[in-house]
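Comments concern the structure below.
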Number of protein chains: 2
Amino acid sequence: MSQSTEAYLQIGEVAERTGVTQRTLRFYEEKGLLRQPSRMDGGFRLYSEDDVTRVAHIRRLQNLLGLTLAEIKEMVEAEEMLQEIKAQYRPEADVSEKRRQLQEAIGVVTRQHGIVSQKAEQMSEMKEQMEERLRTFERWMTELEQMERKAPVA
Amino acid sequence: MSQSTEAYLQIGEVAERTGVTQRTLRFYEEKGLLRQPSRMDGGFRLYSEDDVTRVAHIRRLQNLLGLTLAEIKEMVEAEEMLQEIKAQYRPEADVSEKRRQLQEAIGVVTRQHGIVSQKAEQMSEMKEQMEERLRTFERWMTELEQMERKAPVA
DNA sequence: CATAACCTTGACGTAGAAGTAAAGTCTCGG
DNA sequence: CCGAGACTTTACTTCTACGTCAAGGTTATG
């Protein structure tokens with residue numbers, strides 16, 4: 001239903017849309033962060049919309065959380081598993097196996113959530129410190145201005 | 001009033017207290033992230049408590065915000081200026097000059113605050129996404145458990 | 001004053017994350 | 001069917017943020 005017919009993208013387009021270079025896309029593939037994309041007969045890579053989303057996700061994990069690609073790989077593999085679970089959710093499969101997978105998925109996301117929560121909190125702390133500072137400076141500023149009014153420029 | 005007499009630290013102690021290596025301390029100095037510390041007659045570096053604080057700050061900027069040392073250097077230089085302003089606050093100096101400095105300081109901190117705010121916000125978004133996900137999984141899990149109760153292991 | 005523990009500079013090495021160049025292959029519009 | 005532009009792999013280079021010696025100088029202590 002989603003990518004039924006086509007909508008395949010070549011590496012150049014993906015690069016443009018994600019803001020990373022082609023080199024980076026190939027690099028991520030090499031490192032196992034992106035699945036091997038399908039190929040045209042001549043060997044040109046063909047990416048899906050999902051891949052685009054994935055790249056965006058990788059970048060967020062990099063920039064926001066400062067994770068290494070190795071760490072991100074783990075996360076991404078976990079996500080992969082989730083996709084699988086989603087896909088398998090309907091089809092008949094060993095129920096207890098699915099339970100196990102789900103259990104693991106929950107574990108992964110919980111850990112991720114822990115990291116994010118912690119960072120978010122520290123971030124808020126920093127933010128408040130800065131606001132405190134700003135208030136101080138602005139207080140000083142008004143004091144300075146009052147001094148100037150009392151004793152104007154010589 | 002704070003570090004009146006002494007309380008100077010050698011590089012080894014600073015390393016231990018900050019959790020970075022001596023190499024890293026020298027490296028930060030080289031890169032202009034730490035001021036040139038005073039030295040003993042023989043050339044041994046002597047750090048102040050302030051330097052310790054500074055290193056901690058640098059590390060937070062690195063780990064939390066994921067900034068490069070170059071970016072951190074800018075921030076740190078700005079902080080340096082703030083220290084200066086604080087120090088000069090009482091002594092007689094051109095008032096309008098002080099105004100200018102304060103103005104700039106406010107600008108710096110405002111920019112920093114902007115970065116942190118933005119990151120903090122994105123972080124919260126991520127956090128919520130993860131929570132949403134977790135809820136989904138847990139819903140699935142209970143569904144699965146119900147299926148198991150109805151049709152137990154063959 | 002010997003010597004262990006600590007420090008100095010200098011130079012080279014490394015892991016992570018790509019950038020860049022070379023030489024050849026594909027695709028597609030005209 | 002052909003040429004411009006997009007793509008391929010391979011290989012070497014770069015940049016950041018340190019790590020790791022090496023060879024020697026300094027300091028504190030017995």
Side-chain angles (χ1 to χ4, degrees), chain A residues 6-48 51-52 54-77 115, chain B residues 6-48 51-52 54-77 115:
Chain A
E6 43 193 321
Y8 280 106
L9 307 162
Q10 286 188 207
I11 196 168
E13 294 196 59
V14 176
E16 212 173 320
R17 288 182 44 183
T18 58
V20 307
T21 66
Q22 304 187 9
R23 174 67 174 94
T24 299
L25 292 172
R26 297 196 191 100
F27 183 70
Y28 285 176
E29 181 184 335
E30 216 177 289
K31 293 286 168 178
L33 289 167
L34 293 178
R35 315 163 322 189
Q36 307 259 12
S38 49
R39 304 271 187 147
M40 292 169 69
D41 286 5
F44 284 23
R45 288 173 177 76
L46 286 178
Y47 294 94
S48 68
D51 292 320
V52 174
R54 184 97 157 235
V55 173
H57 189 196
I58 292 172
R59 295 258 102 178
R60 279 231 317 273
L61 292 175
Q62 237 189 338
N63 299 330
L64 220 60
L65 302 189
L67 304 181
T68 67
L69 293 191
E71 292 167 323
I72 293 175
K73 188 184 171 189
E74 285 183 52
M75 286 204 167
V76 164
E77 275 168 355
I115 297 175
Chain B
E6 42 192 322
Y8 280 104
L9 307 163
Q10 285 188 209
I11 197 169
E13 292 195 60
V14 176
E16 210 173 324
R17 287 183 43 184
T18 58
V20 308
T21 66
Q22 304 187 7
R23 176 68 175 94
T24 298
L25 292 172
R26 297 196 192 99
F27 183 70
Y28 286 174
E29 181 184 335
E30 217 178 286
K31 292 286 167 179
L33 289 165
L34 293 178
R35 317 161 322 189
Q36 307 259 11
S38 48
R39 305 269 188 149
M40 292 168 70
D41 287 4
F44 285 23
R45 286 173 179 78
L46 286 178
Y47 294 94
S48 68
D51 292 320
V52 174
R54 184 95 156 239
V55 172
H57 189 195
I58 292 172
R59 295 256 106 179
R60 277 230 318 273
L61 291 175
Q62 238 189 338
N63 300 330
L64 217 59
L65 302 188
L67 304 180
T68 66
L69 293 190
E71 291 166 322
I72 293 175
K73 188 187 171 187
E74 285 183 49
M75 287 205 166
V76 164
E77 275 168 354
I115 297 175

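Just so it is clear: chains get the letters A, B, ... in the order the sequence lines come, proteins before strands, and each one is counted from 1.
By the 4.0 Å N-to-carboxylate-O rule, Arg35(A) lies too far from Glu29(A) to be salt-bridged with it.
Within residues 11-20 of chain B, no residue places a heavy atom under 4.0 Å from DNA chain D.
A donor-acceptor distance shorter than 3.5 angstrom exists from the side chain of Thr18(A) to the backbone of Val14(A), with no hydrogens or angles considered.
At whole-Å resolution of the value, CZ in Phe27(B) and C1' in dG13(C) are 14 Å apart. To the nearest angstrom, C1' of dA6(D) lies 16 Å from CG of Asp41(A). The nearest whole Å value for the distance from the CG atom in Leu61(B) to the P atom in dA17(D) is 13 Å. The distance from atom CE of Met40(A) to atom P of dT27(C) is 5 Å, rounded to the nearest whole Å. Per the geometry, CG belonging to Leu33(B) stands 13 Å off C1' belonging to dC18(D), to the nearest Å. Rounding to whole angstrom units, CD of residue Gln22(B) and P of dT8(C) are separated by 7 Å. Atom CD in Glu30(A) sits about 14 Å away from atom C1' in dG19(C), given to the nearest Å. In this structure, Leu46(A) atom CG and dT27(C) atom P are separated by 10 Å, rounded to whole Å.
Considering only side-chain N and O atoms, Tyr28(B) lies nowhere under 4.0 angstrom from the phosphate OP1 or OP2 of dA17(D). In this structure, Arg59(B) reaches the dC18(D) phosphate: one of its side-chain N or O atoms is under 4.0 Å from OP1 or OP2. OP1 and OP2 of dA18(C) both lie 4.0 Å or more from every side-chain N or O belonging to Thr21(A). Regarding contacts with the backbone of dT8(C), a side-chain N or O of Arg26(B) is found under 4.0 angstrom from either OP1 or OP2. Between dG19(D) and Thr24(B), a contact under 4.0 Å exists linking OP1 or OP2 to a side-chain N or O. Between Gln10(A) and dA6(D) there is no side-chain polar atom (N or O) within less than 4.0 angstrom of OP1 or OP2.
Closest non-hydrogen pair, Tyr8(A) versus Ser38(A), comes out as CE2-OG, 4.1 Å. Considering every non-hydrogen atom in both Leu46(B) and Met40(B), the closest pair reads CD1-CG, 3.5 Å.
You won't find any donor-acceptor pair under 3.5 Å spanning the side chain of Arg45(B) and the base of dT8(C), going by distance alone.
Taking every side-chain heavy atom of Gln62(B) into account, dC18(D) is the closest of dA11(D), dC18(D), dT27(D).
Mapping Phe44(A) and Arg23(A) onto DNA chain D by nearest heavy atom places Phe44(A) at the nucleotide closer to the 5' end.
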* Check against side-chain contact (heavy atoms from CB on, under 4.5 Å), Tyr47(A) and Leu25(A) -> CA-CA 10 Å; Tyr47(A) 294 94; Leu25(A) 292 172; 4.0 Å; yes

* To do: Apply the test side-chain contact (heavy atoms from CB on, under 4.5 Å) to residues Leu9(A) and Arg45(A): give CA-CA distance (whole Å), side-chain angles for both, the deciding distance (0.1 Å), then the verdict.
  => CA-CA 8 Å; Leu9(A) 307 162; Arg45(A) 288 173 177 76; over 6 Å; no

Donor-acceptor contacts under 3.5 Å from residues 57-72 of chain A side chains, at least two apart:
from: Arg59(A); atom 1: NE; to: Tyr28(A); atom 2: OH; distance (Å): 3.4
from: Arg59(A); atom 1: NE; to: Gln62(A); atom 2: OE1; distance (Å): 3.3
from: Arg59(A); atom 1: NH2; to: Tyr28(A); atom 2: OH; distance (Å): 2.9
from: Arg59(A); atom 1: NH2; to: Gln62(A); atom 2: OE1; distance (Å): 3.0
from: Gln62(A); atom 1: OE1; to: Tyr28(A); atom 2: OH; distance (Å): 3.4
from: Asn63(A); atom 1: ND2; to: Arg59(A); atom 2: O; distance (Å): 3.2
from: Thr68(A); atom 1: OG1; to: Ala70(A); atom 2: N; distance (Å): 3.4
from: Thr68(A); atom 1: OG1; to: Glu71(A); atom 2: N; distance (Å): 3.2
from: Thr68(A); atom 1: OG1; to: Glu71(A); atom 2: OE1; distance (Å): 3.4
from: Glu71(A); atom 1: OE1; to: Thr68(A); atom 2: N; distance (Å): 2.8

